[in-house]
Amino acid sequence: NALTIEVDDASADAAAINVINDKTTLAVKVDSTTITGALSDIKTLYDANTAGTVTNLGNEVVTISDSGSVSAADLHAVNTLTNGVVSANAVSVVTGSVVDLLKVYSSGNTAGVIAGLGNESITITDTGTVAAADINTLNGLTSGSVTATGVTKLTGTVTEINTARSGVAGVGTSTATLIF
């Protein structure tokens, strides 16, 4: 099925483009200025662009429709693959490692800030040692709850550790290593 297909709708649904892409052996050209849909479908679409089975993506506005939990790693991956604004207005939980979460929430993110974040819950998936300062930074970037039940050891100053233990669920019983 060597079909030449070009999507030129101003706004296009990622899942629909993925279905079209699966039906042809030629690369699908996407001229849309806005890509919408579930994060998993959007990531699949941008992965296809990276692989060359979809072309012309990289400067679109992306609107993520998920209203539940999303992966910080996937959010960051999509954010780095477009120069356009990525919005995640309806997301209620972002999960991931501290490293990936800091990439998503950082105002210094070289890919740009992801719009719409700031009121969702954050679930830190790290197990083992985490810097208390990083947990505190994440806690300050959302009005939602922050949970870190897998963290077994916090490093940092007394103030940083005490703040993390009092403000983040699941770290109250972690071992602490103080930095002097």
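Predicted model only: the values in this text are computed from it and were never measured.
A pairwise comparison of heavy atoms in Ala12 and Ile17 identifies CB-CD1, 3.6 Å as the closest pair. Minimum interatomic distance between Asp41 and Ala15 (heavy atoms only, all atoms of both residues): OD2-CB, 3.4 Å. Scanning all heavy atoms of the two residues, the minimum distance from Thr95 to Ser69 falls at CG2-OG, 3.5 Å. Annotation for Ala88 and Ile114: closest pair CB-CG2, 4.1 Å, computed over non-hydrogen atoms. When all heavy atoms of Ser143 and Asn119 are compared, the closest pair comes out as OG-CA, 3.3 Å. Across Ala164 and Ile135, no two heavy atoms sit closer than the pair CB-CG2, 4.2 Å.
A distance of 7.0 Å separates CG of Leu141 from CD1 of Ile122, quoted to the nearest 0.5 Å. Atoms CG and OG1, from Asp9 and Thr33 in turn, are 10.0 Å apart once rounded to the nearest 0.5 Å. To the nearest 0.5 Å, the span separating CG on Asp13 from CG on Asn18 amounts to 8.5 Å. Rounded to the nearest 0.5 Å, atoms CD1 (Ile64) and CG (Asn89) are 9.5 Å apart. The line from CD of Glu160 to OG1 of Thr137 is 8.5 Å long, rounded to the nearest 0.5 Å. In this structure, Leu154 CG and Thr129 OG1 are separated by 8.5 Å, a value rounded to the nearest 0.5 Å.
Among residues two or more places apart in sequence or in another chain, the side-chain contact (heavy atoms from CB on, under 4.5 Å) test is passed with Leu57 by Val30, Ile35, Leu45, Tyr46, Asn49, Val54, Glu60. Annotation: side-chain contact (heavy atoms from CB on, under 4.5 Å) contacts of Asn56 (sequence neighbours excluded): Lys29, Asp31.
Between Leu75 and Asn79 the shortest side-chain heavy-atom distance does not fall below 4.5 Å.
In terms of modelled atom types and a separation under 3.5 Å, the side chain of Asp100 and the main chain of Ala72 share no donor-acceptor contact. Judged purely by atom type and a 3.5 angstrom limit, Thr142 uses its side chain to pair as donor or acceptor with the backbone of Glu120. Without hydrogens or angle criteria, Asn136 side chain to Ala132 main chain gives a donor-acceptor distance under 3.5 Å. The closest donor-acceptor contact from the side chain of Asp66 to the backbone of Leu39 lies under 3.5 Å. Counting only distance, with no hydrogens or angles, the side chain of Thr82 and the backbone of Gly84 share a donor-acceptor pair below 3.5 Å. Under the 3.5 Å distance criterion, the side-chain polar atoms of Thr147 are left unmatched by any main-chain donor or acceptor of Thr123. The backbone N or O of Ser11 lies less than 3.5 Å from no partner atom in the side chain of Ser32, so there is not a single donor-acceptor pair.
Under a hydrophobic-cluster definition in which Ile, Leu, Val, Met, Phe, Trp and Tyr are linked whenever side-chain heavy atoms come within less than 4.5 Å, directly or via other members, Val7 and Val62 are assigned to the same cluster. Under the 4.5 Å side-chain heavy-atom criterion for grouping Ile, Leu, Val, Met, Phe, Trp and Tyr, Leu3 is connected to Ile20 within one hydrophobic cluster. Val104 and Val85 fall into different hydrophobic clusters, where Ile, Leu, Val, Met, Phe, Trp and Tyr side chains are chained together by heavy-atom contacts under 4.5 Å.
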Step-by-step side chain to side chain contact (heavy atoms under 4.5 Å, CB included) determination, Lys23 to Asn1: CA-CA 7 Å; Lys23 298 196 180 292; Asn1 297 327; 5.6 Å; no
Test log, rule side chain to side chain contact (heavy atoms under 4.5 Å, CB included), inputs Leu138 and Leu102: CA-CA 7 Å; Leu138 289 169; Leu102 288 171; 3.8 Å; yes
Worked check of side-chain hydrogen bond (donor to acceptor under 3.5 Å, both in side chains) between Ser121 and Ser145: CA-CA 5 Å; Ser121 296; Ser145 64; 3.2 Å; yes
